[in-house]
Structures are given as structure tokens and as C-alpha cells.
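Counting starts at 1 for both ligands and their atoms, in listed order. Starting from 1, each residue takes its place in the sequence as its number.
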Amino acid sequence: MFERGIIMAKRKKADWNLRKFRKSNTWITLVFFVIAAILACVFVSLFVSAFLSYVVDNKMTSEYNTIQQMAIIYENAEEQGYPESKSIIDTKERDFFIKDKDGNIIFQKGENTCSDISGTLSLTDFSRGVKIYLDTESNGFILEKDGKDGDLEIDPAELFKWMLKKNESYTQLTQDNSSKMLALPFWFCIEVKGGQEQLFGKAYFQADLRDGIFMAIFAVAIGLQIFTIFVLMLVNIISAATSQRKMTHIFFLDPVTRDHNWMYFLVRGEHLLRHGKSRKSNYAVLDLVFVKYRNYCVCHSVEEGEKLLRNVNAIVNKQLNKKEICSHYASANFALLKQYKTEEELKRWIENLLTTLQGMDPNHHFAFHIGAELLPVSVDANGKIQRRKNVDLEKEYNNACAARTTLEESDDSGYAFLNEQLIEEQKWIDVVHEEQQKALENEEFVVYYQPKYDPRTKVLKGAEALLRWDSPRHGFKSPGAVIPIFEKNGFIVNIDHYMITHVARDQKKWLDAGYKCVPISVNISRAHFIEPDLAEQIRDMVDAVGTPHELLELEVTESAFFDDKKALVTTIQRLQSYGFMVSMDDFGSGYSSLNSLKDMPLNILKLDAGFFSGDLENERGEIVVSEAIRLAKSLHMETVAEGVELKEQVDFLARQGCDMIQGYYFARPMPPEDYETRMRTGVAPEVEEPVEEIAQAEEQPAQAVGEINDPD
Ligand code: C2E
Ligand code: CA
Ligand code: CA
């Protein structure tokens with residue numbers, strides 16, 4: 001049970017990691033891709049516009065300089081009084097005209113194709129913008145933007161059409177006339193004679209073949225760069241997706257069945273229950289277990305056992321559709337998520353499955369148990385299907401396991417659904433889990449003491465400390481109602497600490513008050529023995545209170561002996577070296593009692609209550625008990641008989657030399673105040689009750705045991 005808790009916690013963490021991994025991987029790649037794409041676009045457009053501006057600026061400056069030279073020549077000639085001053089400008093072989101300050105053309109050479117649309121052009125070499133007019137030929141594709149003066153815009157479609165049209169008849173403008181060129185005409189306007197006149201000269205934005213080749217190379221280089229970036233990004237995305245697929249496959253792979261594992265069950269299962277069409281279906285969570293799997297492995301081999309599990313997995317999967325799951329959980333357990341229409345139909349399906357599984361190997365009689373928890377679709381008052389938003393598949397599977405455990409007694413195949421009683425138990429487990437820490441802090445756990453008496457002299461020889469939960473909300477609870485839950489969820493370790501400290505405090509208090517104290521035993525849970533420094537922890541806790549070590553005894557249950565034997569022996573030896581006594585609890589209730597005795601250097605042997613609960617006249621039972629006592633004596637161990645309720649048993653045990661008796665015959669577990677009285681008396685009170693009455697006490701519910709007063 002305890003191990004299951006640890007496995008669950010580990011798996012939860014792994015599942016969480018997987019979800020994180022899947023999310024982060026996809027998102028990082030996508031975000032990276034988008035950022036890189038945006039950066040590439042921004043970079044390319046900035047670079048292209050910077051380059052074009054540079055080219056345009058250069059060419060336009062050169063054209064402007066030409067027209068400016070014409071203006072200078074004209075001004076100089078006018079200054080020097082040449083009558084033919086206007087004709088002299090002709091050296092530049094450009095069309096031009098001159099307007100006076102009233103706007104009348106006073107001289108013109110060549111054709112005047114200057115339009116009315118004008119703007120200001122910024123050139124790097126000139127601090128102020130230069131005045132530019134469109135040519136009537138080019139104003140088809142150069143538009144006045146929003147009618148605002150000076151703000152011009154090229155219409156690319158019109159420009160393209162214009163270029164096609166011009167393709168056949170490029171204007172020959174270069175000196176050597178050797179190369180064809182594209183010439184985009186416009187007019188520069190320069191003020192002359194101190195603003196008295198304006199000279200309009202025709203200029204061209206020219207692009208020759210070299211420009212074209214250069215631009216083409218440039219465009220190809222940029223294109224290649226963008227293409228490379230996109231290819232790299234694509235490769236990155238594809239490889240990320242592939243490795244994610246591979247990782248996901250590994251995460252979801254069960255090493256035994258080589259099929260889906262528990263993590264897949266949780267992730268895919270919760271998806272099916274919450275999303276898509278499947279969320280509108282009734283689902284059942286099933287726990288399927290192969291009964292006596294361990295026996296099969298022992299008789300054959302682990303490999304054979306695993307082969308069998310693979311067969312089981314294949315058979316179950318054949319009976320499931322795509323919206324249903326079968327995953328190997330652990331050992332011989334499978335977790336199933338199965339759709340169903342009605343409970344009856346589901347029962348029939350389970351019965352069929354059990355029949356098929358039992359018949360999988362005619363040479364063997366296999367048995368399987370199935371526990372089921374139903375998750376029907378719930379509908380609200382308006383008939384709308386409620387979402388299973390908070391479904392916790394792990395919890396539901398636990399419920400299915402709880403239902404399955406009711407079949408554990410049987411070796412035959414069978415199935416069980418979670419019933420009301422089991423649901424109540426599950427609720428109680430949740431309550432305990434929620435409140436345990438607060439209860440500990442509020443000291444709601446109380447220590448009861450059950451005295452141990454010498455059967456011959458009736459002298460008080462010891463006591464066992466037993467826990468009770470005096471809950472203000474749930475009443476007085478016996479350990480049977482909480483200890484198994486604490487053992488499962490790991491809280492038992494805190495309880496052990498609590499009990500040791502409280503018993504040490506009580507003993508110290510009584511010692512200081514002058515009571516004749518006897519050793520009190522405290523139960524140490526199996527889970528606690530995993531801690532390598534347990535002996536030191538106990539020593540320090542007792543020393544912190546100042547109680548002599550010999551007044552404390554530690555009880556180890558027989559089941560702890562199945563764990564790491566070497567570590568257990570070391571801990572026991574260390575405890576003994578610190579002066580504590582160690583006893584083996586419930587001797588005779590497990591499998592390997594004698595074997596454990598062989599290896600464990602224990603001080604006290606506690607004979608399990610089971611020896612004294614059966615037939616009183618059982619001669620064989622008496623032989624076993626007397627031989628067990630003899631065996632303990634030979635191993636220099638003291639003996640305590642637990643659960644002794646009858647005088648005959650006490651007399652018998654006295655004759656056999658049993659050292660102590662802990663049972664209802666002498667005393668029930670009692671609160672510390674009553675135990676103080678017992679210490680004061682020192683000997684067991686006379687028992688006068690008839691045998692039947694005491695025997696009836698055995699039938700009291702466990703919860704009431706602590707509340708019943710002494711028999712005397
Ligand atoms: P256990 O350690 O075997 O304790 C003895 C149990 O037998 C006690 O039950 C006691 O009340 C009961 N008992 C004693 N004499 C008789 C008798 O003559 N007839 C019958 N029918 N019963 C008798 P309790 O107090 O209910 O404790 C049950 C179990 O809970 C304990 O069994 C022990 O395993 C566990 N437990 C109790 N307290 C603690 C604790 O503080 N720590 C840990 N780890 N376990 C505890
Ligand atoms: Ca015990
Ligand atoms: Ca016991």
C-alpha cells in the first residue's frame with residue numbers, strides 16, 4: 001500500500017513533466033518561427049528600401065547636377081550679357097524652357113512635356129529639397145497622393161505597364177549610345193536670376209542593363225537568403241515535431257506490454273473524458289488484474305509471465321474501439337477506459353471479456369478480477385450535458401481498484417462495481433487525508449495505554465501505547481479507522497514521531513512524580529524502517545524529553561521483515577545499543593515468522609492475538625503456543641501473549657512460562673489517568689466476570705474498544 005503511494009506520486013510527477021514537455025516544445029518552435037519570419041521580413045524590406053534609396057539618390061543627384069549646370073551656364077551668360085544666352089544652355093542637349101516670374105514661357109527648346117503635378121525631392125547632397133515636376137508621359141503612374149501638394153506616389157501596376165510599352169523604344173541617352181536603357185522622364189525646376197525666372201530642364205531616371213543585372217543579382221541573393229531562412233525553420237519544425245513524436249512514443253510506452261502505459265492512460269483518458277464527441281459518452285474506469293500472477297511467474301518465469309501479460313493486453317485491446325483505452329498499470333494490473341450505454345450492457349461486456357481471458361490458454365486455469373467505477377454523463381436541469389471538467393482519472397482508477405479489492409479473497413474470476421459502502425470509505429479516506437495535519441497540530445490524537453501483566457504474579461510488567469483520534473468533528477475513532485490510511489499516504493511516519501514523543505513525555509512525568517514506571521512499547525510502522533537513521537531519530541526524540549531509554553520499547557510488525565532485512569537488522573542493533581528494547585509484533589500472523597526469528601536479534605516476542613481467538617480446547621493450538629514460548633526462551637527472548645480474554649488462557653500461559661499477558665482479561669487500552677491508577681496499584685485487579693461477558697467484548701466494534709472501561 002505504502003509503495004503504491006510512492007509509485008503514484010512518481011507517476012504524477014512524470015505525467016506533469018510530459019505535459020510540460022509537450023507544451024513547451026511546440027510553443028517554443030512556433031514562437032521561434034514567427035519571430036524569425038517577422039525579423040526576416042523587416043530586415044529584407046529595410047535593406048531593399050535602403051538600397052533603392054541609395055541607387056535612386058545617386059542617379060537623381062547626377063541628373064539634378066546636369067540641370068543645375070544648365071542654370072549656371074545660363075546665369076553666367078546673362079550676367080556677361082550674351083544675347084544668345086538661352087541658346088548656350090543647349091550644350092547639354094536637354095529639352096528645357098524658361099518661365100518669367102509671371103509664369104510666361106520666355107524661351108523653349110525642344111518639346112515641353114512638363115505636367116502641372118509637382119513635388120519636392122530630398123537628395124543627400126542638398127540640404128533643402130529640390131523641386132520636381134512630372135512629365136506628361138509619366139504622370140500616368142505617378143499619382144498625387146491624397147491630393148496633398150508635394151506628396152507623390154508611384155502606382156506600381158501602371159509603371160509596369162508603362163515599362164512594357166516602352167520596352168521596344170528605349171530612349172537613347174548615353175554618350176556612346178551603346179546600351180539600351182530605361183529612362184523615366186521628369187522635370188527639375190531651378191530658380192535663376194535671383195528668383196526672377198525659373199528654368200525647367202527635362203531629366204531622366206535611368207536604368208541600364210548593368211543596373212538590371214545588378215538588381216537581379218541583388219533580388220536573387222535576398223530571395224535566396226529568405227528561402228534559406230525558411231528552409232532552416234521548416235527543417236527545425238519538422239525535426240522538433242519528429243523528436244517530439246519519438247519522445248511521446250517513449251513516454252507512452254510500457255516496457256512489458258510494449259504498448260500503452262499508465263501515463264498514456266491518464267493523458268489520453270482525461271482528453272477523451274473532457275473533449276470531443278467522446279465526452280458525451282458514459283465511461284467506466286476498470287481495474288483488471290491477473291489473479292495469482294506472481295505464482296505463475298514463480299512456476300514458469302518472469303519472461304513467460306510478461307508474455308502472458310502481452311496476450312492479455314492484446315485480447316483486451318481487440319475488444320475496444322478507438323475511443324477506449326487499455327494500459328498496463330503495474331505488475332498484473334491493467335487500467336481500462338470503456339464506453340458503455342447501460343450498466344447491463346457493460347456487465348455483459350465484462351463477463352464476455354472474463355470468459356475470453358480465462359480461455360486464452362487451455363492448459364491453464366487463469367482467473368481475473370475486474371473492479372469498475374462508472375462515470376456516466378451528467379445532464380443539468382436544461383438537459384445540457386455537463387462537462388467532466390474536474391475529472392481526476394487517477395482517483396477514479398483508485399476507486400475501481402477499491403471495488404476490485406473486495407474480490408481479493410476469491411481465487412475465481414469475477415467483477416465488482418464501486419458500491420455505496422466503498423464510496424463512503426473513499427470519502428472517509430479523503431476526510432482523513434485533509435484533516436490529518438490539523439489534527440496532529442491540535443493534539444487531537446490521544447495515547448491510550450494497555451497494561452501487560454505477569455500471568456503468575458499478576459504484577460504490572462509493561463504497557464503498549466495505542467493511538468486514538470478524538471476528533472471534534474467525527475467523534476472518537478479507533479486506530480483501525482485511520483492507521484491503514486496513514487500507512488497508505490505516508491503520514492504514519494509523523495504519527496510514529498508523535499507517539500514516541502508523547503509516550504516519552506508521559507513516562508518522564510510519571511517518573512518525576514514517583515510512579516514505579518514499567519517499559520511502554522510504541523508501534524513503529526513498516527514505512528518508517530526505510531529511513532536509515534531511524535535509531536538516531538528515536539534516540540534524539542527521547543533524549544530531548546529526558547526519559548531513560550529502558551522505559552521505551554519499540555514494536556516492529558512482522559511484515560517489516562519482508563523489506564530490506566540487512567538494514568532492518570542494523571536499525572534494530574543500533575536501537576538496542578542505545579538501550580531500547582525491540583519486540584516483534586504479531587508473531588504468527590505472517591508467513592515467515594520462524595525465518596525472521598532466525599535473523600533478527602529481538603528482545604521480545606509478541607504472540608499474535610490469533611493464537612487465542614479460536615477453539616479454546618484446541619490441543620494443537622496449545623502445542624504451537626507452548627513451543628513458540630519455548631523457542632523464544634531458547635533465543636533469550638521474553639514473550640508477550642496478545643488478545644488474551646479468558647482465565648483458562650491466562651492459567652495455561654502461566655504454566656508455559658509466558659512472561660506477560662496483554663489482553664482484555666486484565667485490561668483494555670485506557671486513557672493515561674486510568675493507567676496511572678494501574679501503576680499505583682501495581683498488580684492486576686481481581687477479575688470476577690463470567691467468561692461469556694468477556695467473550696462478548698470481542699464483538700464490540702473496533703471504534704468502541706477504547707471507550708469501554710476496564711473489566712474490573
Ligand atoms: P496491535 O499493535 O496488534 O495492538 C493490539 C490491538 O489488539 C489493539 O487494538 C488492542 O486494543 C487489541 N487488543 C488487545 N487485547 C485484546 C483482546 O483481548 N481482545 C481483542 N479483541 N483485542 C485486543 P487497537 O488499539 O484497535 O489497535 C489496532 C492496531 O492499530 C494495532 O494493533 C496497531 O497495529 C495499530 N496501531 C495502534 N496504535 C498505533 C500507533 O500508535 N502507531 C502505529 N504504527 N500503529 C498503531
Ligand atoms: Ca503492537
Ligand atoms: Ca499486535
[X]: numbered ligand 1 atoms lying under 4.0 Å from its heavy atoms:
X: Met499; value: 41 (O)
X: Ile492; value: 44 (N)
X: Asn523; value: 2 (O), 39 (C), 42 (N), 43 (C), 44 (N), 45 (N), 46 (C)
X: Gln450; value: 10 (C), 14 (C), 15 (N)
X: Pro479; value: 24 (P), 25 (O), 26 (O), 27 (O), 28 (C), 30 (O), 37 (C)
X: Arg468; value: 25 (O)
X: Asp496; value: 42 (N), 44 (N)

*Report the C-alpha distance between Trp262 and Tyr397 in whole Å, list the side-chain angles of each, state the deciding distance to 0.1 Å, and finish with yes or no for side-chain contact (heavy atoms from CB on, under 4.5 Å).*
CA-CA 11 Å; Trp262 170 247; Tyr397 179 68; 3.5 Å; yes
Salt bridge check, [Y] against [X]: does any charged N sit closer than 4.0 Å to a carboxylate O?
X: Lys458; Y: Asp454; answer: no
X: Asp512; Y: Lys508; answer: yes
X: Arg539; Y: Asp533; answer: no
X: Asp659; Y: Lys461; answer: no
X: Lys438; Y: Glu434; answer: no

Closest to the Ca ion (ligand 2), among the N/O/S atoms of Glu555, is atom OE1
Any N/O/S atom, side chain or main chain, of [X] closer to the Ca ion (ligand 2) than 3.0 Å?
X: Asp585; answer: yes
X: Asn523; answer: yes
X: Glu464; answer: yes

Check: of Glu555, His528, Arg668, Glu642, min heavy-atom distance to atom 5 (C) of ligand 1 comes from Glu642
Note: heavy atom closest to atom 23 (C) of ligand 1, options Tyr664, Tyr498, Phe666, belongs to Tyr664
Which bit of [X] is near ligand 1, meaning a heavy atom under 4.0 Å away: side chain, backbone, both or neither?
X: Leu467; result: both
X: Asp586; result: side chain
X: Thr557; result: neither

Looking only at non-hydrogen atoms, find the nearest pair between [X] and [Y] and report the distance.
X: Gly643; Y: Ala609; value: CA-CB, 3.8 Å
X: Phe334; Y: Leu309; value: CZ-O, 3.4 Å
X: Val522; Y: Ala465; value: CG2-CB, 4.5 Å

Quick check: [X] and ligand 1, any N/O pair under 3.5 Å apart?
X: Pro669; result: no
X: Tyr665; result: no
X: Glu645; result: yes

message = Check whether His528 reaches the backbone of Ile524 with its side chain - one donor and one acceptor, N or O, closer than 3.5 Å.
response = no
Note to self: For Asn261, is there any backbone N or O sitting under 3.5 Å from a side-chain donor or acceptor partner on Ser327?
What the structure shows: yes
Exercise. Cation-pi between Lys477 and Trp428: NZ/CZ under 6.0 Å from ring centre and within 45° of the ring axis?
Worked result: yes
From the list Lys606, Arg668, Lys452, salt bridge (charged side-chain N to carboxylate O under 4.0 Å, His left out) partner of Glu464 resolves to Lys606
* Asked: Can you tell me if Gly643 has a non-hydrogen atom under 4.0 Å from ligand 1?
  -> yes
With rounding to 10 degrees, Glu642 OE2, the Ca ion (ligand 3) and Asp586 OD1 define an angle of 150°
